[in-house]
Amino acid sequence: MSNTVPTHIAAALDLIAKKTLEDETTIGSAFPYVTHPDGSWDTMSVSISAGYTGENWSHGNWFCGFWVGLLLTSYLHTRDEKYLQLAADRMVLVEERASDGNTHDIGFIFLSSAMPFYRITGDERHRATALRAADKLRSRLVVTQRGSYVSSWGPMTDPRGRAASAIDTMANIPLLYWAAKEADDASFRLAAEEHAKMTMLSFNRPDNTQYHAVEYDTTTGERLRGYTYQGAHDESYWSRGTGWAVMGLAVTAANSSKVDYLSQAIAISEKWFEALGDKPVPPYDFDATGDNVPEDSAASAIMAAGLLDLADLHPDEAVAAVWRAKAEWLVEGLCGDYLATEDCHRGILKHGCYSEPHKIGPDAAVMFGDYFFAEALARLAFPGMFIEKYDRLK
Ligand code: GLY
């Protein structure tokens, strides 16, 4: 690794490399997702897909790829081949999910695993897996009179699945943009850009806060309702959502060369930082009330990763510098008070919040928080090696 990497970033990458290697000897074939209150990982089998049981929705295992991503960033940081071997062993398990069309999370699973694996090793097997997954994600596109969106939750044969879209989907669309270039098939890019447009039209409120989820009329494309799954209430400002949107807008700007998407990302980020104040980590929901509202360190990790892309892309270098500084400030804050440096805590970032309403990891390390923190670190420590580094737009 280059010796110009600031010490706090190198130390955080050291911690990821140390803990992933240690945990590989204890977690068996399941994948970690949230830490228990004692700091040990709760794990889930790779094969648990998303779906409804009656009226109850379960996201299933949408984080298995993130574990592979942590192993891959550890490889890039240490150049120790054993991380690549561990990642390859894990991919054998993860690959089965490339034909799972039940959820938009197929994007998360493979953009954090097969996509960087191919970037790092050039192994065609991973390229083929990522393309297979992208094809499934594209098939979730619902075309309406008002525009098109990638539906989020549930089989496409279930009307609830077709009508639902979540702000999180914005961070799944990088897989589509990647596939457009790899397969030389513009339909992937068109689907992703349509999704980004429809999402900003339907999720963003006039004050630049966002709904977590939207139910669409699948014919007209009108928003039937905005609602939440993991936020405080349907009209609330769920803090993780903005970072997901910023990631999707930045990659859309990169792939369309349209600066307007960056302007949208800046408008919603300004609102987010205004709500954040002077702490580097927000509450899980800016509108949550009561005592002991959990924080969400994952929200800051996601926002930092998205803003680093935005800063690479923005045509005005002075504006880019402002947003890069904000991203770096978030990373520094996470490296300060939020790193789980104690051995008994197996996560990387403390005080993430998977779902306060469901009491799943309401104050825990969460696998997606650890992963997007690693993505932000990778952008700073080895730009372009883990995921694409974008050129500045004109
Ligand atoms: N499903 C993505 C999230 O919990 O933010």
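In each ligand, atom 1 is the first atom listed, and ligand 1 is the first ligand listed. Side chains included, hydrogens not; waters and symmetry mates left out as well; all remaining heavy atoms used.
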Return the closest protein heavy atom for atom 3 (C) of ligand 1 as residue, atom name and distance.
Arg240 NH2, 3.3 Å
Would you check if the distance from the ring center of His358 to the ring center of Tyr229 is below 6.0 Å?
yes
Residue portion contacting ligand 1 (non-hydrogen atoms closer than 4.0 Å) for Trp238
side chain
Close N or O approach (Gln230, ligand 1; < 3.5 Å)
yes
Please report whether ligand 1 has a polar contact with Trp62, defined as an N or O pair separated by less than 3.5 Å (distance criterion only).
no
Which word best sums up how the rings of Tyr227 and Trp153 line up, parallel for under 30°, tilted for 30 to 60°, or perpendicular for over 60°?
perpendicular
Tell me whether Asp168 has any N or O atom under 3.5 angstrom from an N or O of ligand 1.
yes
Between Lys82 and Asp80, is there a salt bridge with N-O shorter than 4.0 Å?
yes
Is the centre of the Phe368 ring less than 6.0 Å from the centre of the Tyr354 ring?
yes
Please report whether the ring centroid of Trp244 lies less than 6.0 Å from that of Phe108.
yes
